[in-house]
Each structure stands twice: as C-alpha cells, then as structure tokens.
K.L.:
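Next up is a structure, given as structure tokens.
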2 protein chains.
Amino acid sequence: MTLGEAGLTLAPVGRETVQDRVYSELRRALISGLFAPGQVLTIRQLADALMTSTMPVREALGRLISERALEALPNRSIRVPPISLERIDDLLRTRILIEGEAIALAAPRMTAANIDTLRGYMTQWQVLRLGGDPATVDQEAALNQAFHFEIYSACGSAVLIPMIESLWLQSGPCTRAAIFAFSEAGESDSAHFHHNMIDALASGKAQAAREALVADISRPFAFLRNKLLSKEIAA
Amino acid sequence: MTLGEAGLTLAPVGRETVQDRVYSELRRALISGLFAPGQVLTIRQLADALMTSTMPVREALGRLISERALEALPNRSIRVPPISLERIDDLLRTRILIEGEAIALAAPRMTAANIDTLRGYMTQWQVLRLGGDPATVDQEAALNQAFHFEIYSACGSAVLIPMIESLWLQSGPCTRAAIFAFSEAGESDSAHFHHNMIDALASGKAQAAREALVADISRPFAFLRNKLLSKEIAA
DNA sequence: ATGTTTGATCTGTGATCACACTTGATTTGA
DNA sequence: TCAAATCAAGTGTGATCACAGATCAAACAT
C-alpha cells in the first residue's frame, strides 16, 4: 500500500538555502518599505547585518536586480530605485493592466473556500484597526498583501503571478510612505474596496471586481502623486 | 574649452563584466532556442564552454532563474522549463495582454525615424528570404526581434519593456521550433502582419496596430499548439 | 533474478582571498 | 587660501577551495 492509497500526501520538504533566506528577508524589507528610495546597499554591510558571508547576499542582490526591485548603477553600486512622477504613473498603469487581468481571470475560478479566506482576512483587519495601535501598520500591510495574492493565486497563470510579485517589489518602496500617511490620516477605508471585491468575486462579476481592484490600488498612488507634486512645488 | 563646448558628446564607456557577457550569451542562446525545453544545464559545463570560472556563470544563471527563463528544480539542478499546453496558452495570453498594451502606447509616440527603421528591417528581411538560404533562420529571428522591440521601446514605459523581455526569454525555447517549421513550410508570411503594423503605426491607429500584432505573435503559438496536440495524440 | 547497499563522481552552495576600481579625506603645492 | 595630488579605506568582481547532497553504476545479499 502506497502513501497515496492510504490518503496521505506528503509535502516536499524543500531544503532552504542561506541564499533563499537572505532573498526572502530582503524582499520582505523592500515590500514593507524598510529601505528608502535611493538608498544605496552594500554587500558586506548586508552580510554583516544578516550574519552570513557575502556570497549569499550578492546572489540574492543579483536576483533582486534582475527583478528591477533594485538598481545597479554604472559605479557598480547598488541602490533601491528612486521615485519619480513618471515612474509612479508607469507602475500604477502597469499594475492596473496586469493585476486587473489577473482578478478578471480569477473571478470565475474562485471557490467558496477562497471567499471565506478573504472574509477572514477582513475580520482580522478590522480587529487590528479596532486596537488603534499605530504599530500595526506592518501587520496591516501583510494582511493586505495576503488578501490580494489570495485572489491572484486563483487566476491559474504561472506567468502572471511572478510578474505581479515583481510589480509589488518595485512599488513597495513607493507605496510605503502613502500607506503610512493614510494610517495617520485615518482615512484608510480601503476596506470598502476590499468588500466590493469580495462581493463581486462571490457572484462571479469579473468586471466589477476589476473596477474595485483598480480603485483600491489607485488610491495610495494618487496620494503619493499629490505628495510628490506639492513637495516639488515647495522645493 | 570643455568637450561639450567643442560639440563633442562622449558616450559612457560602460565597463562590461564577465558576468554580463555570460548573461548576454545565455540570453541569446535561450531566445534563439539553442537549448531544448527540459534540458538541464550545469554550472561547470557552461563555465568550460564559455571559458570562464564558475563564478560569473552561477550569477548569470541566478538572474535567468529569477526572470523565469530557467527553472530551479528541488534537486538543485537547473533546466530550461519544459513546454506544456497550459504553459503555451498562458504565455500567449500574457504576451497579447502586455505587448498589445505596449504597441498601443507606442502608436501615438512613433516618430518618422522609427517608421523608417521598421521599413528598413522589412527590406533587409525580404533580401534574406530572396537568398533562399535556410541557414538564415537565425538572422530572420534576430530581425524579427529588432522589429518588435523598435516598437516596444517607443512606448516609453520602463516597467513594461523588461517584462516583455522576460516574456520573450520564456517563450524563446517554445517558439523556436515553430519558427523553424514555418521556414521549412514556406508559409512564413508574417511579413504581411508586420506591414499591417507599420501602416497602422504610421497613421497612429493604435487599435489596428494592436490587432496586427496579436495576429503576428499568435501564429507561431497556434502552430506549436497544433504540433503538440498531434504529438500527444500520437503518443 | 530482484532488491539493497556501497562507492566513486559530479552537482550546487558557501567561505575566503586577491585584485581593480571608486571614494573621500588628507596632504602637498602654488 | 585654494586647487591639485596623494593616500587609505571600502567597494564589487572573479577565482579557488571545502563540503554536503545527488546520481548512477557496480557489487552484494536475499
């Protein structure tokens, strides 16, 4: 009798290399906006902070550079890409295109379990906001990410999903500031758009889901855009 | 008197590392389909073939893996991703979405010089086909790539273009077989679609350009799809 | 004859070192 | 006093070595 016949399915154990851990850590730091746009990163400094040798770090940095999450200057120094008005608009337009397609593809494929998971995220999120602790902004961001990718994963495209991950990686340093400002201003009712997305997905309305998503991801970008414009005028 | 005052503008010399050369070479090999889908690549073997140490090779492979041009198996071995029906459809659908958007964005931005360059590519291509030498298939592919990216570059999006490059990298091993079969069958009149694209772009008709592009990139995929289906039936 | 163990070989990974280049402060020169 | 030259610290890059795990074939036991 094999394991399969016994009803047991073993998940692949999947050995994790040091490079993978470094990559995940840098990725998390980038998406949550730990590094400021324009900040230069050095291999040895990161290796010290992560308590490894330079080897895993340089390979992880190479991967992040090829995903456009980091930028290699002609000086051979590495920095997180600085933000500009053109880049913000470019990122938002592309995210609307690709993530909009992903949610439209996912709409007819969402299971009841998927919908339940989404609703669960929203209640968790509500609990966080009721606490009123401003230190929960990182957890909120993580919850937001989990919410979106629960949807995208259902689209069934092994090509689209890595692209969306790359886009989040690129817009992470940008949107961090916007989300933080949102949380302070108390006007972070993107929960409204999330509930719209859930309702649309639950009833299989692809176009409505896409529109709710576009509204959701456009808001922080528009906020950041205004902030950048006023700062430019001030300078 | 500075160089600028003398009217001289020097282009940055841009030192090229060994890793960059290895990366470009592997990239070229992948797009032109030198490696078969499913083929496993080893670092030391590539390092020997490229006459360098393993160091630049492993970093170049890491970059290609994060672009999904190569695949890291849980065995830690590296291979070019095998083709499947789902993957083909996935790649084509995504390419239609993204490259279609790119050409629509490029349509109102094309200069007369751009159009001339495109026409020049077509005449070069015609010369190649008049020669009738079957060994020119690689040059034809290079010309086709130059044609498409002359357009995409005009879209002005620093986010979209790397994504398109990644998509070409992923579909390279797939379409190679199709292009080759086309050339043998003599039915490679994708020149028709290219001329349609030029005409649409020259008159700024974004939608028409998009449709011509979709027809152009769909053909080899449809061909490959049929080939894969008949082979599956035969097996 | 079949299934298991063993052994050699090859693989990717990580660490360490050497080197060329950049950078910034210090010293030197007019 | 100020600009130019100089020196030292720090950077990414590439090479080489050590090591654990994978792979496959031969030898073994059942």
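Chain naming here is simple, since letters A, B, ... match the order of the sequence lines and numbering starts at 1 in each.
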K.L.:
Which part of the nucleic acid does A:Leu73 contact within heavy-atom distance under 4.0 Å: base, sugar-phosphate only, or nothing?
P.N.:
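A:Leu73: no heavy atom of the nucleic acid under 4.0 Å.
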
K.L.:
Between B:Asn75 and D:dT23, is there a side-chain N or O to OP1/OP2 distance below 4.0 Å?
P.N.:
yes

K.L.:
Rounded to the nearest Å, what distance is computed from the CZ atom of residue A:Arg76 to the P atom of nucleotide C:dC19?
P.N.:
19 Å

K.L.:
Scan side-chain atoms only and decide if A:Gln19 and A:Thr17 contain a donor-acceptor pair under the 3.5 Å cut-off.
P.N.:
no

K.L.:
Which nucleotide in the list D:dG14, C:dG12, D:dT13 gets nearest to the side chain of B:Thr42?
P.N.:
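Per side-chain heavy atoms of B:Thr42, the pick is C:dG12.
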
K.L.:
Would you state whether a donor and an acceptor, one from the side chain of B:Arg58 and one from the base of C:dG12, lie under 3.5 Å apart?
P.N.:
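No pair found.
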
K.L.:
Is it the case that the side chain of A:Ser77 and the backbone of A:Leu73 share a donor-acceptor pair, with hydrogens and angles ignored and the cut-off at 3.5 Å?
P.N.:
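Here the side-chain-to-backbone pair does not exist.
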
K.L.:
The side chain of B:Ser53 is closest to which nucleotide in this list: C:dG14, D:dG12, D:dT16?
P.N.:
D:dT16

K.L.:
Would you say the base of D:dG12 and the side-chain of A:Arg44 have a donor-acceptor pair closer than 3.5 Å?
P.N.:
yes

K.L.:
Within the 4.0 Å heavy-atom criterion, would you say B:Glu59 contacts the bases, only the backbone, or no part of the nucleic acid?
P.N.:
nothing

K.L.:
Between D:dG12 atom C1' and B:Arg63 atom CZ, what is the distance in whole Å?
P.N.:
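In whole Å, D:dG12 C1' lies 14 Å from B:Arg63 CZ.
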
K.L.:
Could you check how far CD1 of B:Ile43 sits from P of C:dG14, rounded to whole Å?
P.N.:
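Answer to the nearest Å: 11 Å.
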
K.L.:
Using heavy-atom distances to pick each residue's nearest nucleotide on DNA chain C, tell me which of B:Gln45 and A:Thr54 is more 5'.
P.N.:
B:Gln45

K.L.:
To the nearest angstrom, how far is A:Asp48 atom CG from C:dA15 atom C1'?
P.N.:
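Value for this atom pair: 14 Å.
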
K.L.:
Nearest whole angstrom, please: distance from the P of C:dC17 to the CE of A:Met55.
P.N.:
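In whole Å, C:dC17 P lies 14 Å from A:Met55 CE.
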
K.L.:
What integer distance in Å separates B:Met51:CE from D:dA15:C1'?
P.N.:
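In whole Å, D:dA15 C1' and B:Met51 CE are 16 Å from each other.
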
K.L.:
Among D:dG12, C:dG14, D:dG14, which nucleotide has an atom closest to any side-chain atom of A:Thr17?
P.N.:
C:dG14

K.L.:
Between P on C:dG14 and CZ on A:Arg21, what's the gap in Å once rounded to a whole number?
P.N.:
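So the two atoms are 9 Å apart, to the nearest Å.
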
K.L.:
Expressed as a whole number of angstroms, how long is the span from A:Gln19:CD to C:dA15:C1'?
P.N.:
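From A:Gln19 CD to C:dA15 C1': 14 Å.
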
K.L.:
I'd like to know if the side chain of B:Arg68 pairs up with that of B:Ser166 as donor and acceptor (distance under 3.5 Å, no hydrogens or angles considered).
P.N.:
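Side chains of B:Arg68 and B:Ser166: no pair found under 3.5 Å.
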
K.L.:
Do we see a donor-acceptor contact under 3.5 Å between the side chains of A:Asn114 and A:Thr111?
P.N.:
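The answer is yes; a qualifying pair exists.
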
K.L.:
Once the angle between the rings of B:Tyr152 and B:Phe149 is folded into 0 to 90°, is it parallel (under 30°), tilted (30 to 60°) or perpendicular (over 60°)?
P.N.:
perpendicular

